[in-house]
Amino acid sequence: MSKEPTSIKRAVLEAARLHLRSTADHLRERINDLKSVTQPGEGSESASQTESRRGSDVELMESLSEQLEHVERDISLLDKIDPSVRLEVVQYGAVVHTDSRNLLVAASVEDFEANGRHYLGVSTKAPLIHALSGAAAGEEV
């Protein structure tokens with residue numbers, strides 16, 4: 001496990017934010033598409049739009065809205081991390097490189113790339129982070 005300079009941390013945080021913002025934009029687009037189908041204009045009722053279909057579209061829209069809220073919370077978590085602070089142990093805000101994975105300890109972020117490396121954003125609640133928590137660079141865990 002190794003630590004990296006703050007320039008790498010800055011790049012990892014920005015790449016994670018960009019990934020999450022892209023996800024949020026995609027979710028918003030899908031929600032807006034569903035709104036246009038489930039909330040037609042006055043007097044316009046699609047013949048193919050049944051109540052059953054509308055109900056499942058509304059459920060999907062609500063699920064996507066919940067996902068969007070989660071992604072926006074994760075972006076907010078990343079925004080609170082100061083990239084200039086170099087951490088000496090694995091904790092919230094750390095960028096961690098192991099022999100098998102590169103991690104950003106902050107929020108759940110699907111696989112993303114920064115500086116030519118693949119990273120995974122992991123919540124501090126994840127069992128892996130509990131196992132690594134407090135470990136310093138060079139320690140074997």
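The structure presented is a predicted model; accordingly, all values stated were derived computationally and were not measured.
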Within a strict 4.5 Å, meaning less than it, do heavy atoms of the [X] and [Y] side chains meet?
| X | Y | result |
| --- | --- | --- |
| K9 | S84 | no |
| P83 | T6 | no |
| V96 | I129 | no |
| I81 | Y92 | yes |
| T124 | V105 | yes |

Grouping I, L, V, M, F, W and Y whenever their side-chain heavy atoms are under 4.5 Å apart, do [X] and [Y] come out in a common cluster?
| X | Y | result |
| --- | --- | --- |
| V141 | V122 | yes |
| L64 | V58 | no |
| L18 | I75 | no |

Open item on the list: Side chains of H118 and R101 only: does a donor on one sit below 3.5 Å from an acceptor on the other?
Closed with: no
- [ ] Assess the side chains of Y119 and H19: does a donor N or O sit below 3.5 Å from an acceptor N or O?
- [x] no
TODO: Please name the residue in the list N102, I8, V95 that meets the side chain to side chain contact (heavy atoms under 4.5 Å, CB included) test with R117.
DONE: N102
Task: R17: which of D79, D74, V12 passes side chain to side chain contact (heavy atoms under 4.5 Å, CB included) - done: D79
- [ ] Look at the side chain of S65 and the backbone N and O of M61, then say whether any donor-acceptor pair between them is shorter than 3.5 Å.
- [x] yes
Open item on the list: For the backbone of S63 and the side chain of E66, can you confirm whether one donor and one acceptor N or O come within less than 3.5 Å of each other?
Closed with: no
Please report the closest heavy-atom contact between [X] and [Y], naming both atoms and the distance.
| X | Y | value |
| --- | --- | --- |
| A16 | L104 | CB-CD2, 3.8 Å |
| V89 | G134 | CG1-O, 3.4 Å |
| G121 | F112 | N-CE2, 3.9 Å |
| A94 | L87 | N-CD1, 3.4 Å |

Nearest 0.5 angstrom please: [X] [atom1] to [Y] [atom2], how far?
| X | Y | atom1 | atom2 | value |
| --- | --- | --- | --- | --- |
| D57 | S36 | CG | OG | 9.5 Å |
| H70 | L27 | NE2 | CG | 11.0 Å |
| L68 | T23 | CG | OG1 | 10.0 Å |

- [ ] Assess whether atom CD of E14 is packed by more than 12 heavy atoms of other residues, nucleotides or ligands within 6.0 Å.
- [x] yes
Open item on the list: For a side-chain contact (heavy atoms from CB on, under 4.5 Å) check, start with the C-alpha distance between L60 and L34, then their side-chain angles and the critical distance, and finish with the verdict.
Closed with: CA-CA 8 Å; L60 178 57; L34 285 168; 3.8 Å; yes
- [ ] Using a strict 4.0 Å threshold on nitrogen-to-oxygen distance, state whether R28 and E72 make a salt bridge.
- [x] yes
List the residues meeting side-chain contact (heavy atoms from CB on, under 4.5 Å) with [X], not counting sequence neighbours, and say none if there are none.
| X | value |
| --- | --- |
| S100 | T98 |
| S76 | K80 |
| A11 | N115 |

Open item on the list: Run the side-chain contact (heavy atoms from CB on, under 4.5 Å) test on R73 and E69 for me, step by step, so that the C-alpha distance in whole Å, both residues' side-chain angles and the decisive distance to 0.1 Å come before the verdict.
Closed with: CA-CA 6 Å; R73 265 193 315 271; E69 287 176 25; 4.2 Å; yes
